[in-house]
Peer 1: 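My questions will all concern the structure given below.
We name chains A, B, ... by the order of the sequence lines, and we start the count at 1 in each one.
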Protein chains: 2
Amino acid sequence: MTAIARAAAEFPRLVSLDALRTHCADCSMRELCLPLGLAPSDVDALDSIVQKRVKVRKGEPLFRHGAPFTALFAVRVGSFKTTVVTDDGREQIAGYHLPGDILGLDGVGSEQHASEVTALELSEVCTIPFAQLEDIAHQVPTLQHNLHRILGREINADHRLLLLLGSMRAEERLAAFLLSLSERYARLGYSPTDFVLRMTREEIGRYLGLKLETVSRLFSRFAAEGLIKVRGRTVQIVDMVMLKQLIGGH
Amino acid sequence: MTAIARAAAEFPRLVSLDALRTHCADCSMRELCLPLGLAPSDVDALDSIVQKRVKVRKGEPLFRHGAPFTALFAVRVGSFKTTVVTDDGREQIAGYHLPGDILGLDGVGSEQHASEVTALELSEVCTIPFAQLEDIAHQVPTLQHNLHRILGREINADHRLLLLLGSMRAEERLAAFLLSLSERYARLGYSPTDFVLRMTREEIGRYLGLKLETVSRLFSRFAAEGLIKVRGRTVQIVDMVMLKQLIGGH
DNA sequence: CGCGCCGTTGATATTATTCAAGACCAGTGG
DNA sequence: CCACTGGTCTTGAATAATATCAACGGCGCG
């Protein structure tokens, strides 16, 4: 593991204290977020409604199940989980979110959030009031189009998870999970092979539709088979090819 | 050949397109579909881009996995399924669709459809070219808002299915499936207790993440317990209360 | 009438869960 | 500095749930 990759994985980004407002134009997530492809003047328009950064501490909710839907959130720093619950309290984690991701999309379909978003570590988001976003999107076709694409990509991500939950065996699920994290970290400029999980075994299980013991056993087995190295939440992918072959190996 | 291509081939030019046009204003699905809450003049604007009805025969695809995304479709008559597939060919059914539902939302996130939609019986859809829909939505805020809500509701529906697949036992899944169908038929003005399934046991299984034998056994068991009556695909819900209690009964 | 798909049911195998015990690890206070 | 504590993680053994394999019945359609 390189020092840079390790540092990036282990420490949340430092936040400069002097900037009170978020400026999309300066944001390192610009190209992964809503402003993608916008003209500078349109980025300013978007900027004007984006409220200043909000810090969320580890374990704290950004919004709760049933809360009124007023805004979307863009992850700047840190990571989050989205959970859905049954009437009798069982939970399913519908997604893990990294910088650049947009949170709260589940509220777009109704007046209330059907899910709950919680920080997995000290994190930071930009708040984007939805009514105002719709107004500006109405004037800026590219922004409207970006919003559509973000909603559409959420649907695609959910479909991939449905496929995983509905048709894959436990070992395939975990392999797919690790590979998906790898890919996402790579896209953010981090190491695709070395990273630190931000969630517990139980949370991984609630995402993959498995019990925590099953997840733990699989980590041990993957390590014994030389596919990965694990030490607690630190994971190193040793044999990416085999891991990929594992999916679809019936 | 997809249904659209066939329709284009089958209707010669001498047939007046106007006569074949769908008019949202007259459509019985008006209040369940995109035009909801639109002023009459705005309905006309939407009408102007909605292409003539397309018939899709049983088992035929409306569009295939990987096909370029150009349009959304509104179900007028009949029913459809949306399927997602793994690289190695395993399928998951992500949704069943009834009149008033909008199909093809999975394409909004990219240039191509990630899923495939197939008719379960002789069905009929309206084709809504997406680029033109975005244009009109740009002029009609209510329509833009409706589009957002439709995308958002798809996310909510997917989340409910994730919850089902990730956290429910087989019997709970089937009960939830039957209750969800019941509710949707009721909303369409049909009986909430008596309906005919349009899909095979295997398709139900691919939706619920179960094998067809398991689905069949559960139907038999529910019938033996007096919850439902089954004859082939004809289902009658006898004890709605018990069926609801079954979910979350662990 | 017969063929093919669909559905049911039984016996068995497999997979993942449950229950249980203990190890590890970081933080805390004596 | 060390023991203590609570949460997390690992591992084993027994159990439960669902899948698999297999046979057969039935219905609808050509």
Peer 1: Quick check: do Glu225(A) and Arg221(A) have side-chain heavy atoms less than 4.5 Å from each other?
Peer 2: yes
Peer 1: Side-chain donor-acceptor pairs under 3.5 Å in residues 91-101 of chain B, sequence neighbours left out?
Peer 2:
{"unit_1": "Glu91(B)", "atom_1": "OE1", "unit_2": "Arg206(B)", "atom_2": "NE", "d": "3.3"}
{"unit_1": "Glu91(B)", "atom_1": "OE1", "unit_2": "Arg206(B)", "atom_2": "NH2", "d": "3.4"}
{"unit_1": "Gln92(B)", "atom_1": "NE2", "unit_2": "Arg206(B)", "atom_2": "O", "d": "3.2"}
{"unit_1": "Gln92(B)", "atom_1": "NE2", "unit_2": "Tyr207(B)", "atom_2": "O", "d": "3.1"}
{"unit_1": "Tyr96(B)", "atom_1": "OH", "unit_2": "Glu203(B)", "atom_2": "O", "d": "2.8"}
{"unit_1": "His97(B)", "atom_1": "NE2", "unit_2": "Thr82(B)", "atom_2": "OG1", "d": "2.5"}
{"unit_1": "Asp101(B)", "atom_1": "OD2", "unit_2": "Leu98(B)", "atom_2": "N", "d": "2.9"}
{"unit_1": "Asp101(B)", "atom_1": "OD2", "unit_2": "Arg184(B)", "atom_2": "NH2", "d": "2.7"}

Peer 1: Starting at CD of Glu60(B), measure out to CG of Leu122(B) and round the result to the nearest 0.5 Å.
Peer 2: 9.5 Å
Peer 1: Of the non-hydrogen atoms in Ala175(A) and Phe222(A), which two are nearest, and what is the gap between them?
Peer 2: N-CE2, 3.9 Å
Peer 1: What does Gly209(B) touch in the nucleic acid at a heavy-atom separation under 4.0 angstrom: a base, only the sugar-phosphate, or nothing?
Peer 2: sugar-phosphate
Peer 1: Rounding to 10 degrees, work out the angle separating the end axes of the helix from dC1(C)-dG30(D) to dG30(C)-dC1(D) (five pairs an end).
Peer 2: 30°
Peer 1: Less than 4.0 angstrom between a side-chain N/O of Arg201(B) and OP1 or OP2 of dC5(C), yes or no?
Peer 2: no
Peer 1: Strictly below 4.0 Å: does Ser220(A) bring a side-chain N or O up to OP1 or OP2 of dT11(D)?
Peer 2: yes
Peer 1: Taking atom CE as the centre, does Met242(B) end up with more than 12 heavy-atom neighbours from other residues, nucleotides or ligands that are less than 6.0 angstrom away?
Peer 2: no
Peer 1: Rounded to whole angstroms, how far apart are CE on Met199(A) and P on dT8(D)?
Peer 2: 14 Å
Peer 1: Nearest heavy-atom pair of Leu246(B) and Leu227(B): which atoms, and what distance?
Peer 2: CD1-CD1, 3.7 Å
Peer 1: Protein-nucleotides 19-22 of chain C N/O pairs closer than 3.5 Å?
Peer 2:
{"unit_1": "dC19(C)", "atom_1": "N4", "unit_2": "Glu213(A)", "atom_2": "OE2", "d": "3.2"}

Peer 1: Is Thr214(B) close enough to dA19(D) that one of its side-chain N or O atoms is under 4.0 Å from OP1 or OP2 there?
Peer 2: yes
Peer 1: Between CD1 of Ile247(A) and CG of Leu174(A), what distance do you get to the nearest 0.5 Å?
Peer 2: 9.5 Å
Peer 1: What integer distance in Å separates Glu202(A):CD from dC9(D):C1'?
Peer 2: 12 Å
Peer 1: For the pair made of CD in Glu172(A) and P in dT15(C), what is the distance, rounded to whole Å?
Peer 2: 11 Å
Peer 1: Can you tell me which nucleotide in dC6(C), dT9(C), dT10(D) comes closest to the side chain of Thr200(B)?
Peer 2: dC6(C)
Peer 1: Just to confirm, is there a sub-4.0 Å distance from OP1 or OP2 of dC6(C) to any side-chain nitrogen or oxygen of Arg233(B)?
Peer 2: no
Peer 1: Go through it in stages, so that I can follow the logic: the residues are Glu213(A) and Lys211(A), the test is salt bridge (charged side-chain N to carboxylate O under 4.0 Å, His left out), and I'd like the CA-CA distance, side-chain angles, deciding distance and then a yes or no.
Peer 2: CA-CA 5 Å; Glu213(A) 295 96 327; Lys211(A) 292 295 158 187; over 6 Å; no
Peer 1: Among dT18(D), dT20(D), dG7(C), which nucleotide has an atom closest to any side-chain atom of Arg169(B)?
Peer 2: dT18(D)
Peer 1: Within this structure, what is the CE-to-P distance between Met168(A) and dT15(C), rounded to whole angstrom?
Peer 2: 17 Å
Peer 1: Rounded to whole angstroms, how far apart are CZ on Arg221(B) and C1' on dT8(C)?
Peer 2: 15 Å
Peer 1: Can you tell me how far P of dC6(C) sits from CD1 of Ile204(B), to the nearest Å?
Peer 2: 13 Å
Peer 1: Tell me whether the rings of His113(B) and Phe63(B) are parallel (<30°), tilted (30 to 60°) or perpendicular (>60°).
Peer 2: parallel
Peer 1: NZ of Lys211(B) versus P of dT8(C): gap in Å, rounded?
Peer 2: 17 Å
Peer 1: Please report, rounded to the nearest Å, how far the C1' atom of dC6(C) is from the CD atom of Glu203(B).
Peer 2: 11 Å
Peer 1: Roughly how far, to the nearest 0.5 Å, is CD of Glu121(B) from NZ of Lys58(B)?
Peer 2: 8.5 Å
Peer 1: By nearest atom, which of the nucleotides dA17(D), dA16(C), dT9(C) is closest to the Leu210(A) side chain?
Peer 2: dA16(C)
Peer 1: For DNA chain C, whose closest nucleotide is more 5', that of Arg231(A) or that of Ala170(A)?
Peer 2: Ala170(A)
